Amino acid sequence: MRQLGISITCGDTPWHEQMDRIAQAGFDCTFFDWNKDGDTDKWAQYARRKGLAVDSLHAPFDHINSFWEDTAQGEAYYALMLRIIDDCDRADIRKLVMHTTVGNHPPATCEIGFVRYRNMCEYAAKKGVHICFENLEPFPHLHEIMRAVDDPFHGFCWDCGHNLCYTPHVDMMALYGDRLMCLHLHDNYGVTQPGNIDYRDDLHMLPFDGVLDWSWVAEKIARSGYEGPLTFEYSSRTVRRHGDRPYGEFLQTAMERAVKLRDMVENIK
């Protein structure tokens, strides 16, 4: 049976308590964001003590646009990514999820950016860490990187919520489903202001609470050949949407939705 995973959120519940409750709710794995305090190994060890596998680590993206700039900040961010890959290796986390841009006005793609991405991916492969590039806003950067980094050791993280609210006109799985390595599953209301792509539409709701066609999602996953866990990415906003219920109760609902989607995927012949 396919495993089910859920993210650690940045909400009020302490991370270790979240892991306790996630394990109690019956999830098989988790993933979380890298942080500068060097907690990656500590968090990974704690998760495993609770019986949770660590599916992936999410790289920071606040200054990711500098990867495309011939600046000191771009070089510093490149060095940071190598450090994060080392952290993954030490913590035995074998997938690192990475955005390719942030915001609506990224720099244009350029050769220095491609050199950094190719060198970074070569370094990661030597460490046994798969870089999983995640779809986000409708810019050419992801497409260009997926062409430039053609080593099958690295691949794609499909964020179905991003696909809905940023690029509903693009079938990301048709483009990159054969390189799918991990998933970010969540719901939203799509593009609520046509012609205006806005990060505020990226609501990270529970499946079946928004307008995403989950039969379509299940079909895409089932036909891709991907056999990894179904991993659900939520935020503190997701938890707040479900009122003042204890975090454990929210997770029970999240698990029910996860099981429903897993059944849909596994029932596709």
Side-chain angles (χ1 to χ4, degrees), residues 2-7 9 11 25 27 29-31 55-56 58 61 97 99-101 104 132-139 142-143 155-243 250-268:
R2 193 184 296 262
Q3 290 189 328
L4 300 174
I6 191 171
S7 58
T9 74
F27 285 95
C29 58
T30 188
F31 68 97
D55 181 66
S56 62
H58 200 306
F61 52 85
V97 175
H99 293 187
T100 61
T101 59
N104 286 334
C132 307
F133 294 108
E134 179 180 356
N135 58 294
L136 205 70
E137 290 96 339
F139 297 110
L142 173 65
H143 309 294
F156 179 53
C157 172
W158 186 37
D159 189 308
C160 65
H162 291 172
N163 208 155
L164 177 66
C165 72
Y166 291 138
T167 55
H169 57 292
V170 180
D171 186 341
M172 290 290 180
M173 285 290 280
L175 293 173
Y176 309 122
D178 60 339
R179 296 182 66 182
L180 183 64
M181 289 187 173
C182 59
L183 294 163
H184 286 176
L185 301 167
H186 52 95
D187 210 340
N188 56 60
Y189 296 123
V191 179
T192 61
Q193 303 174 79
N196 179 26
I197 300 300
D198 194 304
Y199 73 93
R200 282 166 290 215
D201 282 338
D202 184 21
L203 297 174
H204 286 259
M205 296 159 62
L206 290 174
F208 312 103
D209 279 355
V211 299
L212 187 55
D213 181 350
W214 288 95
S215 295
W216 177 78
V217 172
E219 180 83 17
K220 289 294 181 181
I221 296 170
R223 302 299 184 205
S224 70
Y226 170 79
E227 296 182 350
L230 304 180
T231 46
F232 299 81
E233 185 182 33
Y234 301 131
S235 68
S236 55
R237 288 182 299 166
T238 318
V239 181
R240 288 196 297 270
R241 278 181 176 275
H242 288 260
F250 162 77
L251 286 173
Q252 290 175 6
T253 302
M255 172 56 82
E256 291 169 2
R257 305 291 178 86
V259 169
K260 179 178 178 179
L261 180 60
R262 179 172 64 188
D263 289 346
M264 291 170 64
V265 172
E266 294 186 344
N267 285 334
I268 293 172

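From a predicted model like this one, the values you see are computed outputs, not experimental measurements.
To the nearest 0.5 Å, atom CG of residue L183 and atom CZ of residue F156 are 9.0 Å apart. Interatomic distance, CH2 of W214 versus CZ of F208, reported as 6.5 Å (0.5 Å rounding). Note: I268 CD1 to D263 CG = 11.5 Å, rounded to the nearest 0.5 Å. Remark: F61 CZ to T101 OG1 distance equals 10.5 Å, nearest 0.5 Å.
For S235 against H204, the heavy-atom pair with the smallest separation is OG-CB, 4.1 Å. Here the closest non-hydrogen pair linking C182 and V97 is SG-CG2, 3.6 Å. When all heavy atoms of M181 and C132 are compared, the closest pair comes out as CB-SG, 3.8 Å. Closest non-hydrogen pair, T100 versus L142, comes out as OG1-N, 3.8 Å. The shortest non-hydrogen separation linking F27 to L251 is CE1-O, 4.0 Å. In plain terms, the two heavy atoms of L136 and T167 that are nearest each other are O-CG2, 3.9 Å.
Contacts of S224 classified as side-chain contact (heavy atoms from CB on, under 4.5 Å), with partners at least two apart in sequence or in another chain: M173, L180, Y226. In this structure D55 satisfies the salt bridge (charged side-chain N to carboxylate O under 4.0 Å, His left out) test together with K95, sequence neighbours excluded. Scored by the side-chain contact (heavy atoms from CB on, under 4.5 Å) test, D178 finds no partners at all (sequence neighbours excluded). Shown here are the ring pair (Phe, Tyr, Trp, His ring centres under 6.0 Å) partners of F232, two or more places apart in sequence or in another chain: there are none. Not counting sequence neighbours, Q3 has no partner by the side chain to side chain donor-acceptor pair (under 3.5 Å) test. Scanning for side chain to side chain donor-acceptor pair (under 3.5 Å) contacts around Y176 gives H143, with sequence neighbours left out. Remark: Y199 pairs with Y166 by the side-chain contact (heavy atoms from CB on, under 4.5 Å) rule, at least two apart or across chains. Partners of E134 by side chain to side chain donor-acceptor pair (under 3.5 Å), not counting sequence neighbours, listed by chain and number: H58, H99, H162, H184. With sequence neighbours excluded, the residues that form a side-chain contact (heavy atoms from CB on, under 4.5 Å) with Q193 are N196, D198. Scanning for side chain to side chain donor-acceptor pair (under 3.5 Å) contacts around R237 gives an empty result, with sequence neighbours left out.
Looking at D159 and H186, their side chains do bring a donor and an acceptor atom within 3.5 Å of each other. The closest side-chain donor-acceptor pair between W158 and N135, if any, does not fall under 3.5 angstrom.
E266 places a side-chain N or O within 3.5 Å of a backbone atom of R2 that can act as its donor or acceptor partner. At distances below 3.5 Å, not a single donor-acceptor pair connects side-chain atoms of R262 with backbone N or O atoms of L230.
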Steps toward side-chain contact (heavy atoms from CB on, under 4.5 Å) verdict (L261, L185): CA-CA 10 Å; L261 180 60; L185 301 167; 3.9 Å; yes
Going through the distances and angles, do M205 and Y234 end up as a side-chain contact (heavy atoms from CB on, under 4.5 Å)? CA-CA 7 Å; M205 296 159 62; Y234 301 131; over 6 Å; no
Take C160 and L212, measure what side-chain contact (heavy atoms from CB on, under 4.5 Å) needs, and give me the verdict at the end. CA-CA 8 Å; C160 65; L212 187 55; 3.6 Å; yes
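Using a 4.5 Å cut-off on side-chain heavy atoms (C-beta onward), D201 and N188 make no contact. No side-chain heavy atom of D187 sits less than 4.5 Å from a side-chain heavy atom of L206. T231 places none of its side-chain heavy atoms less than 4.5 Å from the side chain of I6.
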Mind listing the side-chain donor-acceptor pairs of residues 253-260 below 3.5 Å, one per line with the distance, residues two or more places apart or on another chain?
| from | atom 1 | to | atom 2 | distance (Å) |
| --- | --- | --- | --- | --- |
| T253 | OG1 | R245 | NH1 | 3.2 |
| T253 | OG1 | R245 | NH2 | 3.4 |
| R257 | NH1 | P207 | O | 2.7 |
| R257 | NH1 | D209 | OD1 | 2.9 |
| R257 | NH2 | D209 | OD1 | 3.4 |

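The list of salt bridge (charged side-chain N to carboxylate O under 4.0 Å, His left out) pairs with a residue in residues 217-229, not counting sequence neighbours, reads D171-K220, E219-R223.
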